[in-house]
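Since the model is a prediction, treat every value here as computed from it, not as a measurement.
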Amino acid sequence: MTVRVRFAPSPTGYLHIGGARTALFNWLFARKHGGQFILRIEDTDQKRTVPGALAAIMDGLRWLGLDWDEGPDVGGPCAPYIQTERAPLYQEWAHWLVAQRHAYRCFCTPEELEAMRTEQLAQKQPLGYNGRCRYLTPEQIAAREAAGLEYVIRFKMPREGETTIQDVVRGPITYQNGQIADAVLLKSDGLPTYHLANVVDDHFMGITHILRADEWINTAPLHINLYGAFGWDVPVYAHLSLVLNPSGKGKLSKRTQAFDDEGQQVLVKVEEFQAAGYLPQAMVNFLANVGYSTGDDREKFSVQEAIAGFKLENINPAPSRLPYSKLDWLNGQYIQEMEPLALAQAVKPFLDAQGLEVDVGVLLLLMPALSKRLKRLTDAIEFLRFLSDDAPLQTTAVDLTHKQLPLEQARLAFQQAREFVASVEPYNLETLSAGLTAIGERYTLNSKAGPFLGAMRYAVTGQQVSPPLFESMLALGRARVLARLAQAIEVIGG
RNA sequence: GCCCUCAUCGUCUAGGGGACCAGGACGUAAGCCUUUCAAGCUUAAAACCGGAGUUCGAAUCUCCGUGAGGGCACCA
């Protein structure tokens with residue numbers, strides 16, 4: 001039997017990191033077993049559907065490299081993959097259930113349901129539909145229909161017995177049937193609820209395994225009874241533990257913002273991670289380490305390795321928080337591995353967005369030195385500000401001197417450095433390094449180049465922290481370095 | 001209120017009766033290296049939620065607590 005799994009988001013917004021993780025696990029499982037990964041859109045709540053959300057979700061999945069074999073854009077043998085386009089199918093099966101007496105029409109109004117709920121709350125009774133319309137006589141039903149009353153179709157949940165779900169992650173879980181209310185299957189607008197649409201689609205789309213978030217686990221017994229009423233096979237369930245807020249309080253939700261211990265707002269949308277300069281391969285690696293373990297000590301692994309070793313049994317049932325600092329580390333590791341050209345190209349859009357336009361050729365000179373300094377691509381912005389001539393350098397005499405390089409010595413050193421830079425041939429890493437180190441050693445009191453090179457850094461970049469000095473000088477070019485040295489000499493009155 | 005689930009260093013995790021004075025990783029701290037910042041290397045501190053039980057032996061199995069999370073819509 002071919003493995004068929006699906007990711008079935010509702011298009012209510014961007015792709016959430018928790019959703020991305022669910023999609024990833026499904027995708028890994030499909031790829032591991034040579035099966036199909038299907039993208040299905042559950043848009044049966046038209047009030048909540050957000051225009052553009054579908055595109056945003058697909059963009060997020062594509063960015064992460066999670067390609068789908070069937071879906072709204074690519075089609076497939078079970079098309080359409082958007083639930084509102086499948087409405088007649090659900091209606092047909094809802095009415096079939098009514099005819100089979102596994103479901104019934106419910107004429108209760110929203111006001112009546114609200115009153116019932118308030119009553120249950122007040123009486124501290126279990127919440128849920130009380131089954132008032134379940135035992136309506138045919139005459140009563142006919143009368144209500146004749147009166148033109150709106151109705152929904154509810155499932156006639158067995159009142160006796162129990163239902164056990166076999167969850168791959170958690171083992172068997174048993175529910176008392178009497179505890180499960182009669183759920184709405186078909187809404188009065190003719191569209192199905194999640195329960196009906198999900199079961200019908202999973203059946204007709206041949207879904208073999210349902211990997212979804214733990215928040216759905218309590219709907220499983222209802223769904224199992226639905227499969228039973230239809231006479232269909234039940235897929236294998238695997239409920240993934242939830243991703244919690246960094247505080248550990250509550251699940252990471254797309255409706256509320258999350259904050260870490262320092263009160264910093266934390267990233268939750270996939271597009272935010274992208275904008276913050278994270279690499280998709282780092283994201284995938286990171287997500288595959290949350291609530292999941294390879295079983296050995298590997299922390300960093302490729303997508304191919306993740307697929308090869310993927311096992312449902314390795315899913316951890318306990319909920320977890322996202323270890324954001326580990327993501328930073330992982331991302332830094334992946335950045336270090338990038339080829340200079342690829343890194344330069346990856347960094348450039350972030351620089352451009354800041355109005356810091358630098359040729360890829362120039363960036364290329366800096367990348368080998370920069371790659372091990374970046375946790376996120378956006379970190380390059382601060383490092384490379386010095387490449388802009390827009391703002392004048394704010395260097396002071398204090399910056400350009402040192403206790404080992406007092407003002408007099410600094411003047412001499414900078415004068416000589418300027419002459420050296422003006423005339424050195426060729427102008428490259430080796431010559432700059434040799435020449436300036438020698439100058440530093442000559443003029444500092446302790447005969448070490450360090451203090452002078454630190455002052456040079458200030459003079460040339462105007463930054464206390466920058467990429468290595470000689471690389472920075474190379475990227476800047478001889479003419480601009482000379483201009484900045486002249487400025488520095490002016491500051492110290494040389 | 002009712003139902004369901006979960007519980008190992010600060011965090012992500014390994015472990016599934018003896019190989020555990022509990023291993024790895026991130027983070028933290030210290031040292032080395034060093035032109036800044038990093039990276040790298042070395043070292044350190046840091047955990048089995050509590051209580052009973054089963055057993056020769058429990059982080060591991062059972063029960064009871066406690067704590068945390070999820071669900072209980074004509075939302076998904």
Applying the Watson-Crick and G-U wobble criteria at under 3.5 Å, what pairs with B/rG53? Answer none if nothing qualifies.
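Answer to the pairing question: B/rC61, which forms a Watson-Crick or G-U pair with B/rG53.
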
For B/rC32, what is the paired nucleotide under Watson-Crick or G-U wobble rules, both distances under 3.5 Å?
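B/rG40 is the nucleotide pairing with B/rC32.
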
Inter-nucleotide [atom1] distance ([N], [M]), Å rounded:
N: B/rC49; M: B/rA68; atom1: P; value: 16 Å
N: B/rC3; M: B/rU60; atom1: P; value: 27 Å
N: B/rU36; M: B/rA29; atom1: C1'; value: 22 Å
N: B/rG18; M: B/rU62; atom1: P; value: 16 Å
N: B/rC2; M: B/rG65; atom1: P; value: 13 Å
N: B/rG31; M: B/rG50; atom1: C1'; value: 40 Å
N: B/rU42; M: B/rC48; atom1: P; value: 28 Å
N: B/rA47; M: B/rA30; atom1: C1'; value: 22 Å

At less than 4.0 Å, is any side-chain N or O atom of [X] found next to OP1 or OP2 of [N]? Yes or no.
X: A/K300; N: B/rG24; value: no
X: A/R321; N: B/rU11; value: yes
X: A/K47; N: B/rC74; value: no

Any donor-acceptor N/O pair, A/E162 side chain to A/T174 backbone, under 3.5 Å
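Looks like no, no N/O pair under 3.5 Å.
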
Just by distance, do the side chain of A/Q91 and the backbone of A/G190 share a donor-acceptor pair under 3.5 Å?
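A pair under 3.5 Å: yes.
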
Does [X] make a side-chain donor-acceptor contact with the base of [N], cut-off 3.5 Å?
X: A/E299; N: B/rG24; result: yes
X: A/K326; N: B/rA25; result: yes
X: A/R170; N: B/rU5; result: no
X: A/T193; N: B/rC74; result: no

Report the residues that fulfil salt bridge (Lys or Arg N to Asp or Glu O under 4.0 Å) with [X], sequence neighbours left out, ordered by chain and then residue number.
X: A/K372; result: none
X: A/R298; result: A/D296
X: A/D214; result: A/R170
X: A/R212; result: none

Can you check nucleotides 58-68 of chain B for protein contacts, nitrogen or oxygen pairs under 3.5 Å, and list what you find?
none

Gap between atoms CD and C1', on A/Q83 and B/rA76 respectively (whole Å):
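My rounded result for the distance is 9 Å.
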
Length of the line joining A/L242:CG and B/rA7:P, which is rounded to integer Å
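Rounded to whole Å, this separation is 14 Å.
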
Under a 4.0 Å heavy-atom cut-off, which of residues 432-452 of chain A touch RNA chain B?
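Correct list: A/G450.
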
Please tabulate the protein-to-nucleotide N/O contacts below 3.5 Å involving nucleotides 40-45 of chain B, giving atom names and distances.
residue	atom	partner	partner atom	Å
B/rG40	OP1	A/Q333	NE2	3.3

Does A/E299 have any side-chain contact (heavy atoms from CB on, under 4.5 Å) partners at least two apart in sequence or in another chain, and if so, which?
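A/N289, A/K326, A/W329.
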
Those residues that, when tested against A/S320, pass side-chain contact (heavy atoms from CB on, under 4.5 Å) (two or more places apart):
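side-chain contact (heavy atoms from CB on, under 4.5 Å) check on A/S320 returns A/V290.
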
Quick one: label [X] by what it contacts on the DNA or RNA (base, sugar-phosphate, nothing), any heavy atom closer than 4.0 Å.
X: A/C108; value: base
X: A/R298; value: nothing
X: A/S320; value: sugar-phosphate
X: A/D43; value: nothing
X: A/V184; value: sugar-phosphate
X: A/K124; value: sugar-phosphate
X: A/S241; value: nothing
X: A/S293; value: sugar-phosphate
X: A/Y175; value: sugar-phosphate
X: A/Q464; value: base

Give the nucleotide from the list [options] with an atom nearest to the side chain of [X].
X: A/L127; options: B/rC72, B/rU13, B/rG71; answer: B/rC72
X: A/A318; options: B/rC3, B/rA7, B/rU11; answer: B/rA7
X: A/T219; options: B/rG27, B/rA76, B/rU5; answer: B/rA76
X: A/P317; options: B/rU36, B/rC6, B/rA76; answer: B/rC6

Could you list the donor-acceptor pairs under 3.5 angstrom formed between side-chain atoms of residues 122-130 of chain A and any protein atom two or more places apart in sequence or on another chain?
residue	atom	partner	partner atom	Å
A/Q123	NE2	A/E119	OE2	3.3
A/Y129	OH	A/R132	N	3.4
A/Y129	OH	A/C133	N	3.0
A/N130	OD1	A/R132	N	3.1

Just jot down the ring-ring contact (aromatic ring centres under 6.0 Å, His included) partners of A/H239, sequence neighbours excluded, or say none.
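With sequence neighbours excluded, A/H239 shows a ring-ring contact (aromatic ring centres under 6.0 Å, His included) to A/Y237, given in chain and number order.
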
Taking every non-hydrogen atom, the tightest pair across A/Y324 and A/L267:
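Closest approach of A/Y324 to A/L267, heavy atoms only: OH-O, 2.7 Å.
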
Holding to side chain to side chain donor-acceptor pair (under 3.5 Å), I want the full list of residues that pass it with A/N225, two or more places apart in sequence or in another chain.
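For A/N225, the residues satisfying side chain to side chain donor-acceptor pair (under 3.5 Å) (neighbours in sequence not counted) are A/T163.
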
Position toward the 5' end of RNA chain B (nearest nucleotide), A/L374 or A/K187:
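So the residue in question is A/L374.
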
Find which nucleotide of RNA chain B each of A/N218 and A/P319 is nearest to by heavy atoms, and output the residue with the more 5' nucleotide.
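Looking at the nearest nucleotide for each, A/P319 comes out on the 5' side.
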
How are the rings of A/F273 and A/Y278 set to each other: parallel, tilted or perpendicular (split at 30° and 60°)?
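Tilted: the ring planes of A/F273 and A/Y278 meet at 30° to 60°.
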
Do the ring planes of A/Y292 and A/F310 sit parallel (below 30°), tilted (30 to 60°) or perpendicular (above 60°)?
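Parallel: the ring planes of A/Y292 and A/F310 meet at under 30°.
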
